[in-house]
Amino acid sequence: MSVALDDLARRLPGLRLLAGAGDLEHYGRDWTRRWTPAPLAVALPATVEEVQGIVCWANEHGVAIVPSGGRTGLSGGAVAANGELVLSLERMNRVLGFDAADRTLTVQPGMPLEAVHAAARGHGLVYPVDFAARGSCSIGGNIATNAGGIRVIRYGNTREWIAGLKVVAGNGELLDLNRGLVKNSSGYDFRQLMIGSEGTLGIVVEATLKLTDPPPPAQTMLLALPDMDAVLAVFGLFRAKLALQAFEFFTDIALKHVLAHGAQRAIEGEYPYYVVTEFDVPDEAAQEAALAVFGEAMEQGRVLDGVIAQSEAQAAALWRLREGITESLAPHKPYKNDVSVRIGAVPAFLHAMQALLAREYPHIEVVWFGHIGDGNLHINVLKPAGMADADFIAQCEHVTKLLAATLKEHGGSISAEHGIGLVKRPYLDSTRSAAEIALMRGVRQVFDPNGILNPGKLFEAD
Ligand code: MLT
Ligand code: ZN
């Protein structure tokens, strides 16, 4: 053990510390798999006091900390490849309280999102942010990246659902931010500043989440469509006539991978585009309205085929076609873009982007899917067998530069919901102005004067 680690063990005798090769590898990486994990050690605190103790120790010894949740991130935000201490919050994973009057659930940061869902359901309510990694990601990580997912169209991002946060700042101080207040017009809202800050300003040690009523019964539909213009037109039609809970699209290439990975085909025949959509059907009238809209889209030739789930099991099977995509692509080491534009700017951006990708990736498989109703597209570029990792990344980075310029022209963002981390750091200036980035650095300096929290993520370390 190093002198610094000896000192940490001496100061916090109850702290669980891991330094075995397997643990360093496991806790040093996220789902990006691009960097070789090389942390100094892994600390698994069980209390807020231990988190504070670690942060104070890190300041004294000049050791960087990588805050760590479920490490399902796709931008390298939780990668520890430079001798950092990984501070895993996985042992701090309990519900701390439920307030029926406020309709809030207070939890520790290491709780998996799925466990948060279950706890909310236990009180007859829901925590509505949801996405495929629900079983493995943690609520603390969701907060650090302002996670979005499949129901943003109805409920918004994580940011909308945080009533209060307790955070250990970079100087070790414990901040109690907003304390669950609905109305609080008393100056800067540091709670919101922490959300999406990717562990660079503070470590979330407790979160008070807003809950809401369960949605009405829903129906799930899979649609097959001829082209991207039809996807956008059908979105407009469905949004105008139905109460949407989700509207997700993917291409035939995505379907090919997800079927090869074990999902069940739901529509016979091959079509270029697919949509999984879910909408409220509180009564028979709503059900009839949904059938009428479906019929209208078929008549217009914008929907070529479709399936309406007749049971929960069938709905889950349709969802698997969309939610299984990330896992099915993982063996192909995808380079991931996660971009967004205003909903109104989607058609023009899509045409420019389609032309760019066809030109720049002529012999490479590119998979599109995502949350089209939020203006958020996932572009996964698959590494051809036999191509060296470094050559593949270099080519993708070249194209991402061009994509970033296209996004800038259309007023979009280089990261819709995965965060900047290490992967998108070179392109931050396509989305944020120089003045904004300078302010971001200044804010970081205030909360973390010695730059020990997740240095190198979001922007280069000072
Ligand atoms: C998803 O929506 O499935 C993920 O955020 C996208 C991805 O894996 O690129
Ligand atoms: Zn997504």
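One-based numbering along the sequence shown. All values below were derived from every heavy atom in this structure, side-chain atoms included, with hydrogens, water molecules and symmetry-related copies excluded. Order of listing sets the numbers, starting from 1, for every ligand and every atom in it.
- Of all N, O or S atoms in His371, the one lying closest to the Zn ion (ligand 2) is NE2.
- Asn146 places a side-chain N or O within 3.5 Å of a backbone atom of Arg159 that can act as its donor or acceptor partner.
- Distance check: Thr32 OG1 to Leu422 CG gives 7.5 Å after rounding to the nearest 0.5 Å.
- Not a single N, O or S atom of Asp338, from either the backbone or the side chain, sits less than 2.8 Å from the Zn ion (ligand 2).
- By the 4.0 Å heavy-atom criterion, Glu248 is excluded from the residues contacting ligand 1.
- Cation-pi check for Arg239 over Phe247 is not met; the charged atom does not lie both under 6.0 angstrom from the ring centroid and within 45 degrees of its normal.
- The shortest heavy-atom distance from Leu74 to ligand 1 is under 4.0 Å.
- Interface atoms of ligand 1 facing Asn380, defined by a heavy-atom separation under 4.0 Å, are 9 (O).
- In the model, Thr212 has no side-chain atom that pairs as donor or acceptor with a side-chain atom of Tyr155 under 3.5 Å.
- The N, O or S atom of Glu417 with the smallest distance to the Zn ion (ligand 2) is OE2.
- Checking His378 against the Zn ion (ligand 2), an N/O/S atom falls under the 2.8 Å cut-off.
- Residue-environment remark: CZ (Arg94) stays at or below the threshold of 12 foreign heavy atoms within 6.0 Å.
- Applying the 6.0 Å contact sphere to CZ of Arg342 captures no more than 12 heavy atoms from other residues, nucleotides or ligands.
- The ligand atoms of ligand 1 that sit less than 4.0 angstrom from a heavy atom of Lys336 are 7 (C), 8 (O), 9 (O).
- Residue Phe131 places no heavy atom under 4.0 Å from ligand 1.
- Ranking protein heavy atoms by distance to atom 8 (O) of ligand 1, first place goes to Thr326 OG1, 2.6 Å.
- Under the 4.0 Å criterion applied to side-chain N and carboxylate O atoms, Asp389 and Arg34 are not assigned as salt-bridge partners.
- The pair Arg134-Glu323 meets the salt-bridge criterion, since a charged nitrogen lies less than 4.0 angstrom from a carboxylate oxygen.
- For the residue pair Glu248 / Trp319, no side-chain donor-acceptor distance below 3.5 Å is found, with atom types taken as modelled.
- With a 4.0 Å cut-off on non-hydrogen atoms, His371 touches ligand 1 through its side chain and not its backbone.
- Every atom of ligand 1 is numbered from 1 in the order shown, and the set under 4.0 Å from a heavy atom of Glu417 is 2 (O), 5 (O).
- At least one heavy atom of Arg322 sits less than 4.0 Å from an atom of ligand 1.
- Per-residue contacts place His418 under 4.0 angstrom from the following atoms of ligand 1 (heavy atoms of the residue considered): 4 (C), 5 (O), 6 (C), 7 (C), 9 (O).
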